[in-house]
Amino acid sequence: MVRIKDIAERAGVSTTTVSNVIHHKEGKVSPVVADRIRRLIDEMGYIPSLSAQMLARDSSHIIGVVLDYSPRDTFQSRHNLLAAGMIGYLEEAIHSEGYYMMLFTRRSVEEILQESRAWNFDGLIVFGLSQQEAEALQASYEKPLVLIDSCLDRSIPNVCQVSSDEVGGGYQIGSYLLSRGHRRILFLSVGDQEIDLLHWDGFRQAMEEAGIRNTDAMCLPISGDREQRLKQYEEKLPLLREQTALCFSSDCYASEAVNRLQALGLRTPEDISVVCFDDAAYARTAWPALTAVHQCLDEKAQAAVRALADMVSGVELESRDLKTATCVVERDSVREL
């Protein structure tokens with residue numbers, strides 16, 4: 001391994017001079033000497049220590065990305081392909097801005113603060129905080145903070161939130177089912193999740209505009225526990241047979257349900273149509289492939305990283321509440337009546 005001392009000996013300068021060039025503190029180093037040191041760094045294959053760079057400057061050039069690990073629904077937390085896709089797009093966007101990404105999961109605001117202080121992040125991108133959690137984090141975190149899919153009911157000073165148009169997506173999928181002749185529809189979701197509630201608001205609006213009044217009867221809460229959820233489908237089979245379509249709050253729930261209902265003698269789409277939200281790999285690889293509300297993950301990741309980079313640079317944001325569009329992707333899981 002090449003050391004700073006090795007470069008200094010070859011260049012005929014002190015280790016302090018080499019260190020100043022590496023850390024871009026060249027005020028007292030002549031241009032000729034600085035060029036010679038940079039050439040030797042390339043020739044000798046010196047790789048600077050990231051931890052040393054962090055100690056040498058105020059900026060770590062690291063962006064912390066914090067995923068939600070929800071004890072309410074461990075199946076979704078561990079098998080969330082939407083989050084996996086977002087991680088890839090975030091890493092690309094963060095790298096293009098000249099930063100490194102450090103990913104970790106959180107179970108509390110205190111854990112986020114501990115990691116942030118330990119690594120001296122330049123800023124944080126955090127998924128899925130509640131209003132209370134977001135306000136608690138902002139009160140103790142002094143650097144730029146961007147929240148993704150947090151569904152805040154009121155804005156928080158100096159915090160940018162990025163989310164898909166969840167209410168609009170719910171309205172779109174409800175309108176789509178109505179346009180295909182469906183009116184006996186159940187909306188199935190883990191009822192205490194904020195995004196699901198926004199989906200339901202849009203879905204219910206579409207139903208009410210179509211003249212359907214008893215919309216509360218169209219919402220069926222399902223368990224966050226997979227085994228209990230599968231049992232529910234069997235117990236609720238008579239109710240499900242009365243419907244023409246089911247709308248699931250997540251494509252992983254929908255894919256799972258299609259398989260379970262098939263085993264119970266309820267085929268998709270011959271006996272019952274199925275639609276869902278997210279449009280991750282579960283929707284595309286299910287059989288039949290599922291009609292779904294699509295999120296543009298690339299657009300959402302770029303918006304979050306661009307906002308954070310501007311905040312780190314001291315640029316005033318035009319908006320701190322950024323919405324990305326959704327659309328219905330039609331596949332094979334819906335039968336027209």
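The shortest distance between side-chain heavy atoms of Val13 and Arg36 falls below 4.5 Å. Between Ile87 and Met101 the shortest side-chain heavy-atom distance falls below 4.5 Å. For the pair Arg183 and Thr244, the minimum side-chain heavy-atom distance is 4.5 Å or more. Here the side chains of Leu290 and Phe248 are not in contact, with every heavy-atom distance at 4.5 Å or above. The shortest side-chain heavy-atom distance between Met311 and Val146 falls under the 4.5 Å cut-off. Within the 4.5 Å cutoff, side-chain heavy atoms of Ile125 are placed close to those of Val305. Using a 4.5 Å heavy-atom threshold, the side chains of Tyr46 and Asp6 count as separate. A heavy-atom distance below 4.5 Å is not found between the side chains of Asn20 and Lys28.
In this structure, Arg184 contributes its side chain and Ala245 its backbone to no donor-acceptor pair below 3.5 Å. In this structure, Ser333 contributes its side chain and Thr291 its backbone to a donor-acceptor pair below 3.5 Å. Looking at Glu115, its side chain never comes within 3.5 Å of a backbone N or O of Phe104 through a donor-acceptor pair. Side-chain atoms of Ser150 never come within 3.5 Å of backbone atoms of Leu152 as a donor-acceptor pair (strictly under, hydrogens ignored). Side chain of Ser175 to backbone of Ala206: no donor-acceptor contact under 3.5 angstrom is found. For Asp310 (side chain) and Leu317 (main-chain N/O), no donor-acceptor pair under 3.5 Å exists by modelled atom type. A donor-acceptor pair under 3.5 Å links the side-chain atoms of Gln138 to the main chain of Pro157, judged by distance alone. Proximity of a side-chain donor or acceptor of His182 to a complementary backbone N or O of Arg335 within less than 3.5 Å is detected. With hydrogens and angles ignored, the 3.5 Å screen pairs a side-chain donor or acceptor of Ser313 with a backbone N or O of Ala309. Using modelled atom types, no side-chain atom of Arg38 and backbone atom of Val21 make a donor-acceptor pair closer than 3.5 Å.
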Mind running side chain to side chain donor-acceptor pair (under 3.5 Å) on Gln232 and Ser223 for me, showing each step along the way?
-> CA-CA 8 Å; Gln232 272 185 284; Ser223 175; 4.8 Å; no
Apply the test side-chain contact (heavy atoms from CB on, under 4.5 Å) to residues Asn120 and Ile62: give CA-CA distance (whole Å), side-chain angles for both, the deciding distance (0.1 Å), then the verdict.
-> CA-CA 8 Å; Asn120 189 29; Ile62 300 176; over 6 Å; no
Checking side chain to side chain donor-acceptor pair (under 3.5 Å) for the pair Gln295/Ser164: CA distance, chi angles, key distance, verdict?
-> CA-CA 7 Å; Gln295 297 187 39; Ser164 300; 2.8 Å; yes
Side chain to side chain donor-acceptor pair (under 3.5 Å) between Asp298 and Gln302, worked out | CA-CA 6 Å; Asp298 189 8; Gln302 289 186 17; 2.9 Å; yes
Worked verdict on Glu209 versus Gln205 for side chain to side chain donor-acceptor pair (under 3.5 Å) = CA-CA 6 Å; Glu209 287 182 6; Gln205 181 183 344; 3.2 Å; yes
List the steps and the verdict of side-chain contact (heavy atoms from CB on, under 4.5 Å) for Gln131 and Ile156.
-> CA-CA 9 Å; Gln131 182 77 39; Ile156 300 175; 3.8 Å; yes
Test Leu145 against Asn158 for side-chain contact (heavy atoms from CB on, under 4.5 Å), laying out the working first.
-> CA-CA 8 Å; Leu145 176 61; Asn158 303 319; over 6 Å; no
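The cluster map of Ile, Leu, Val, Met, Phe, Trp and Tyr, joined by side-chain heavy atoms under 4.5 Å apart, puts Ile272 and Leu239 in the same cluster. Residue Val159 is not grouped with residue Val315 when hydrophobic side chains (ILVMFWY) are merged at heavy-atom distances under 4.5 angstrom, including chains of intermediate members. Taking hydrophobic clusters as Ile, Leu, Val, Met, Phe, Trp and Tyr residues chained together by side-chain heavy-atom distances below 4.5 Å, Leu129 does not share a cluster with Leu198. Residues Ile195 and Val66 do not share a hydrophobic cluster, clusters being chains of Ile/Leu/Val/Met/Phe/Trp/Tyr side chains in contact below 4.5 Å. Trp287 and Val329 fall into different hydrophobic clusters, defined by Ile, Leu, Val, Met, Phe, Trp and Tyr side-chain heavy atoms under 4.5 Å apart, directly or through other members.
Surrounding CD of Glu235 are more than 12 heavy atoms belonging to other residues, nucleotides or ligands, all under 6.0 Å away. No more than 12 heavy atoms of other residues, nucleotides or ligands lie within 6.0 Å of CD in Gln132, so this atom counts as exposed by the packing criterion.
Looking at residues two or more places apart in sequence or on another chain, you find a side-chain contact (heavy atoms from CB on, under 4.5 Å) between Thr15 and Ile4, Lys5, Ala8. In this structure, Thr285 has no side-chain hydrogen bond (donor to acceptor under 3.5 Å, both in side chains) partners at least two apart in sequence or on a different chain. Partners of Ser319 by side-chain contact (heavy atoms from CB on, under 4.5 Å), not counting sequence neighbours, listed by chain and number: Asp321, Leu322. Not counting sequence neighbours, the partners of Arg331 by the salt bridge (charged side-chain N to carboxylate O under 4.0 Å, His left out) test are Asp279. Residues satisfying the side-chain hydrogen bond (donor to acceptor under 3.5 Å, both in side chains) test with Ser14, not counting sequence neighbours, are Thr17. Partners of Glu234 by salt bridge (charged side-chain N to carboxylate O under 4.0 Å, His left out), not counting sequence neighbours, listed by chain and number: Arg260. By the salt bridge (charged side-chain N to carboxylate O under 4.0 Å, His left out) test, Arg180 is found to be paired with Glu330, residues two or more places apart in sequence or in another chain being considered. Applying the side-chain contact (heavy atoms from CB on, under 4.5 Å) criterion to Arg241, with sequence neighbours excluded, gives Leu237, Leu266. Checked against salt bridge (charged side-chain N to carboxylate O under 4.0 Å, His left out), Asp149 has the following partners two or more places apart in sequence or in another chain: Lys300.
Among all heavy-atom pairs drawn from Glu133 and Ser130, the shortest one is OE1-N, 2.9 Å. Considering every non-hydrogen atom in both Asp278 and Ser249, the closest pair reads OD2-O, 4.3 Å. Here the closest heavy-atom approach between residue Ala301 and residue Tyr89 is recorded as CB-CB, 3.6 Å. The two residues Ser179 and Glu336 make their nearest non-hydrogen contact at O-OE2, 4.4 Å. Ala281 approaches Asp251 most closely through the heavy-atom pair N-OD2, 4.4 Å. Closest non-hydrogen pair, Ser116 versus Tyr141, comes out as CB-CE1, 3.6 Å.
Using a 4.5 Å cut-off between side-chain heavy atoms of Ile, Leu, Val, Met, Phe, Trp and Tyr, Tyr171 forms no hydrophobic cluster with any other residue. Clustering of Ile, Leu, Val, Met, Phe, Trp and Tyr side chains at separations under 4.5 Å places Phe277 together with Ile173, Tyr176, Leu177, Leu178, Ile185, Phe187, Trp200, Phe203, Met207, Ile212, Met218, Val275, Val293, Val328, Val334.
Among Asp122, Leu103, Leu90, Leu124, the single residue meeting the side-chain contact (heavy atoms from CB on, under 4.5 Å) criterion with Ile63 is Asp122.
Within the structure, the salt bridge (Lys or Arg N to Asp or Glu O under 4.0 Å) test picks out the following pairs touching residues 150-161 (sequence neighbours left out): Glu135-Arg154.
In this structure, Asp42 does not pair ionically with Arg39, as no charged nitrogen and carboxylate oxygen lie closer than 4.0 Å.
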